[in-house]
Amino acid sequence: MSMEWLLSKLHLEEFQGSKISLEHVMCIEKEIRNDETSLPWKFLRKLIALDETARNTMIDENEDSNISGFCAEDDLFLNQFSTRNSSNSLHPLDVLCALLRSSDSFLQQFIFSKMSMCQFAVPLVLPADKNNPITLSLWPLREIVKNWRPTSLLSTKGFREDNLVNISMPIFSFVRLGNCTLSKSRILNNVLSPSYAHHDFFVHQDMECGYHHRTISEGLLELFWHFPGGSQNSNVFLEPISIMNLRGDLEFNQKQFSLLTKVSSAVFIFSEDLQEKHCKILESYAPGNPNLYFIISLPDGKHYNEEKEKYLHKLIRSLNLTSKNILVKDSGTNEAKIVKEIQGFIRSLINASPQSMTLEEVGKIANEFEIYVDENAEECQRAKALANRIISHITDVSQYKKQTMTLQGNLWKKITKNEKELCRMRKQVDESGETYKSELNRQIIDLRKQQSQQELQADMKTFLSALTDLPHPEKKYFLQWLKIFLDNIARSTLKELQAEYLKNSTNMLVLKEIDQKMSDGSLGLEHFLREVGQMHESQFFKLNHKHLGQKFSDLPRLAADLMLDGFPLEMIDGDASNIPLQWITDVLTELDKKTGGQCRMRVITVLGVQSTGKSTLLNTMFGLQFPVASGRCTRGAFMTLIKVKENFQEELGCEFILVIDTEGLKAPELASLENSHEHDNELATLVVGLSDITIINISMENFSEMKDILQIVVHAFLRMSKIGEKPNCHFVHQNVSDVSAHTLGMRDRKKIVGEPESHDKSCSKNGKIGRNNYF
């Protein structure tokens, strides 16, 4: 079976020129197909929902064909009680390889990131086909960030965090030579799984659809990793390691094997039928070879004959091996013993301080073996150099923001203060209301004028020029590189400040200063885009920079393009707690123009206490890319667009879903401030008023937390009722694992919900939150 035949079978041949992009995936639609052509799309849908059955490629001929996208509870692949037609199924790795070859770089990055979250092994090296060389996928790994607790930090409960491609760790490779009935991938899954849990990191022959014959995925090199965390007893290995698994016979994939022998601390070779030609192949790699271990599998009831034993001894001599390097799996040895032996080999090698290597270094070595590295593409390298030009100027983040992003500094905060006072009129003393308003407006105009007179810094010129002048793919590379570099700086800064926290854990004044440093030291892509928004708000180019005005005259158009590409746009400034109203209005107006007036929206917003997983919930529901991490909290509010396909627009009554992610309520850093409760009430009122549906996210079934959240939401309901709006609100309980939680928590829920007057699901119909609004 050729790549062309498989692409045709999956209906992916049309995407060999114009690749599948995130725009094709980030949409809501009705799934109407249920055959081989739907397999790549079903895989993506399942992956978005972080469903561990995503790799199942079984075709269910009796499956309901009317399925809406992005529903984690809908089983898009199979109905376990229906009749299955296994003859139409394909091997999961073949489908994955075909999909990756048909996807652009940014969709590949999205796929790898989601596969990592599902704890699936990712394809590091894709085999060659008629139109593509052997390719090492380094770019898709750039988004993956890992944290772990090495043995040196066990006592202090500290951790380390870094981008996967930058983490130096030993590499252990697993390959097959000739035939072998022992499943290498199944053994690997057991090697990496702790004793109390099992996970199928690698697809193996005993999985559903794993028994199908592989075709285009022969020669695929998969990557997985192990990072220690938690207690010492729960870790299989005490230090980070990389595991590489070569699919197919190494005899026919010698470029990949050459790479593995160069970068690996040890190579484990599975075989059951060593021959003369196999000896010659391995002897050619003898100089500078890493530690080699042979797992020889003997079919039940069979023994090694003299000829095969001769080849084995020959290998031992020529490769300078000992009997400890040979494991024999016969009828008297079960797989559990082999797993323990392999784990023991790896632990002893880790203790011996083997060579460590980053994936970035692996990419450089791959070039020596004529393996193409995707990041070597010219447009990717040009964008990286441009992003590096900006990053090279950042030494002190706080100082950099003051010098470069002058429009969002104190002037913007003063404008925010005056705009809020213009609405509240709390500081009015003796003068009349009109006089006081006039004075506030005059101050705002003066502050805007001061903003427009600021000098445009070199890095902002570079950023604006990139948005304006770069071709579309190169612009996306530039923004992604800039985001990756800024995230690396943020991790480094945060690590230093956390160390200061530990040293001064009892000094409240010092801790307060460190909190302020953390706030001042945050710098992301949103700060650059916020500065662009302030340029538009202050008419920066029109008033005092007319020589630049022609080049950067249409900033809202640039932001609208980014939103259509799936980038989240800041709606509420998290530092100043203000909405740049003119900027947001003009961006949405431009969006309407770009879609030819076909931009009807439904708005979905999430609301909840800080660090309850609001961003993660939205990302999993809709496949979005809001930044998430433990302890990393959203500031302000961000909005992003999801396109509704034509076959679903009539039912939903819109062309787009606008999803808004908000900062957490009851934030500890705001708790000490005066009137912090007002901030939460204002935020809740805003998002409830804007939304068609507000998701109230609650961690566990905590009655106290439910009560506090409800008080804030009810304030928003009361304000909405005064203007005739009827908000729709749904409560979502996360991380409720106990089977008894629903029944035992019924009493508390009844206290909050009360007896509904009708069975209507909408809380807007009867003024109460109905039972059906709980999930």
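Atom set for the values below is all heavy atoms of this structure, side chains included, hydrogens, waters and symmetry mates excluded.
Taking CG of Leu467 as the start and CG of Leu555 as the end, the distance is 9.0 Å to the nearest 0.5 Å. Put simply, CG on Leu683 and CG on Leu607 are 6.0 Å apart, with the number rounded to the nearest 0.5 Å. Interatomic distance, NZ of Lys476 versus CG of Asp104, reported as 5.5 Å (0.5 Å rounding). To the nearest 0.5 Å, atoms CD1 (Ile657) and OG1 (Thr640) are separated by 12.0 Å. In this structure, CD on Gln109 lies 11.5 Å from OG on Ser137, to the nearest 0.5 angstrom. Rounding to the nearest 0.5 Å places OG1 of Thr404 at 7.0 Å from CZ of Phe528.
Judged by distance alone, the side chain of Asp661 and the main-chain N or O of Phe638 form no donor-acceptor pair under 3.5 Å. Listed for the Thr662 side chain is no donor-acceptor partner under 3.5 Å among the backbone atoms of Ala637. In this structure, Asn163 contributes its side chain and Val165 its backbone to a donor-acceptor pair below 3.5 Å. Under a 3.5 Å cut-off, the side chain of Ser392 and the backbone N or O of Arg389 do form a donor-acceptor pair. Lys643 places no side-chain N or O within donor-acceptor distance of the main-chain N or O of Leu564, the cut-off being under 3.5 Å. Distance alone, capped at 3.5 Å, places no donor-acceptor pair between the Ser492 side chain and the Asn488 backbone. Although no hydrogens or angles enter the test, the distance criterion places no donor-acceptor pair under 3.5 Å between the side chain of Lys475 and the main chain of Ala383. Remark: side-chain polar atoms of His536 are not paired, donor with acceptor, to backbone N or O of Gly533 under 3.5 angstrom. Between the Gln399 side chain and the Val397 main chain, no donor and acceptor come within less than 3.5 Å of each other. Using a distance-only test at 3.5 Å, with no hydrogens or angles considered, a donor-acceptor pair links the side chain of Gln454 to the main chain of Gln450.
More than 12 heavy-atom neighbours from other residues, nucleotides or ligands sit within 6.0 angstrom of CG on Asp469. Sparse packing is recorded around NZ of Lys437, with 12 or fewer heavy atoms of other residues, nucleotides or ligands lying under 6.0 Å away. Annotation for Glu23: atom CD does not count as buried by contact number, only 12 or fewer foreign heavy atoms lying within 6.0 Å. At most 12 heavy atoms of other shown residues, nucleotides or ligands fall within 6.0 angstrom of atom NZ in Lys417.
We find that Glu421 and Lys427 are not joined by a salt bridge, their nearest charged nitrogen and carboxylate oxygen being 4.0 Å or further apart. Classification of Glu360 and Arg142 as a salt-bridged pair holds, one side-chain N sitting under 4.0 Å from a carboxylate O. Remark: Lys483 engages Asp487 in a salt bridge, criterion side-chain N to carboxylate O under 4.0 Å. Between Lys364 and Glu361 no salt bridge is recorded (no basic side-chain N to carboxylate O distance below 4.0 Å).
The two atoms that bring Ser103 and Ile111 nearest to each other are OG-CD1, 4.3 Å, heavy atoms only. Lys413 and Ala576 get closest at one heavy-atom pair: CG-CB, 4.4 Å. Scanning both residues, Phe159 and Asn147, for their nearest heavy atoms gives CD1-CB, 3.9 Å. Minimum heavy-atom separation, Leu447 to Lys414: CD1-CB, 3.8 Å. Residues Leu624 and Lys114 share a closest heavy-atom pair of O-NZ, 4.1 Å. Contact between Pro240 and Trp148 at its shortest, heavy atoms only, is CG-NE1, 3.3 Å.
The closest side-chain donor-acceptor pair between Glu537 and Gln451, if any, does not fall under 3.5 angstrom. The closest side-chain donor-acceptor pair between Asp565 and His472 falls under 3.5 angstrom.
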**Asked** Please walk me through it: do Trp225 and Ile167 pass side-chain contact (heavy atoms from CB on, under 4.5 Å)?
**Response** CA-CA 11 Å; Trp225 45 82; Ile167 302 171; over 6 Å; no
**Item:** Residues Thr406, Glu455; criterion side-chain contact (heavy atoms from CB on, under 4.5 Å); working and verdict
**Value:** CA-CA 8 Å; Thr406 54; Glu455 192 64 35; over 6 Å; no
**Request:** Under the side chain to side chain donor-acceptor pair (under 3.5 Å) rule, what do Trp412 and Asp573 come out as? Steps first, then yes or no, please.
**Result:** CA-CA 10 Å; Trp412 170 228; Asp573 182 336; 2.5 Å; yes
**Request:** Show your working on side-chain contact (heavy atoms from CB on, under 4.5 Å) between Leu164 and Glu143 and close with a plain yes or no.
**Result:** CA-CA 8 Å; Leu164 182 66; Glu143 274 266 278; over 6 Å; no
**Request:** Under the side-chain contact (heavy atoms from CB on, under 4.5 Å) rule, what do Ile579 and Ile572 come out as? Steps first, then yes or no, please.
**Result:** CA-CA 5 Å; Ile579 302 175; Ile572 301 176; 3.7 Å; yes
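Residues meeting the side-chain contact (heavy atoms from CB on, under 4.5 Å) test with Cys380, sequence neighbours left out: Trp139, Glu375, Ala377, Tyr477, Trp481. The ring pair (Phe, Tyr, Trp, His ring centres under 6.0 Å) search around Tyr436 returns none, not counting sequence neighbours. Not counting sequence neighbours, Phe112 has no partner by the ring pair (Phe, Tyr, Trp, His ring centres under 6.0 Å) test.
Between Leu138 and Asp374 the shortest side-chain heavy-atom distance falls below 4.5 Å. For the pair Glu378 and Gln381, the minimum side-chain heavy-atom distance is 4.5 Å or more. You'll find the side chain of Asp554 stays beyond 4.5 Å of the side chain of Leu558, heavy atoms only. Between Leu456 and Met535 the shortest side-chain heavy-atom distance falls below 4.5 Å. Considering only heavy atoms from C-beta on, Arg442 comes within 4.5 Å of Asp446 through its side chain. Two residues are said to be in side-chain contact when any heavy atoms from C-beta on lie closer than 4.5 Å; Met639 and Met563 meet this criterion. By the 4.5 Å heavy-atom criterion applied to side chains, Glu419 and Leu440 are not counted as neighbours. By the 4.5 Å heavy-atom criterion applied to side chains, Phe463 and Val532 are counted as neighbours.
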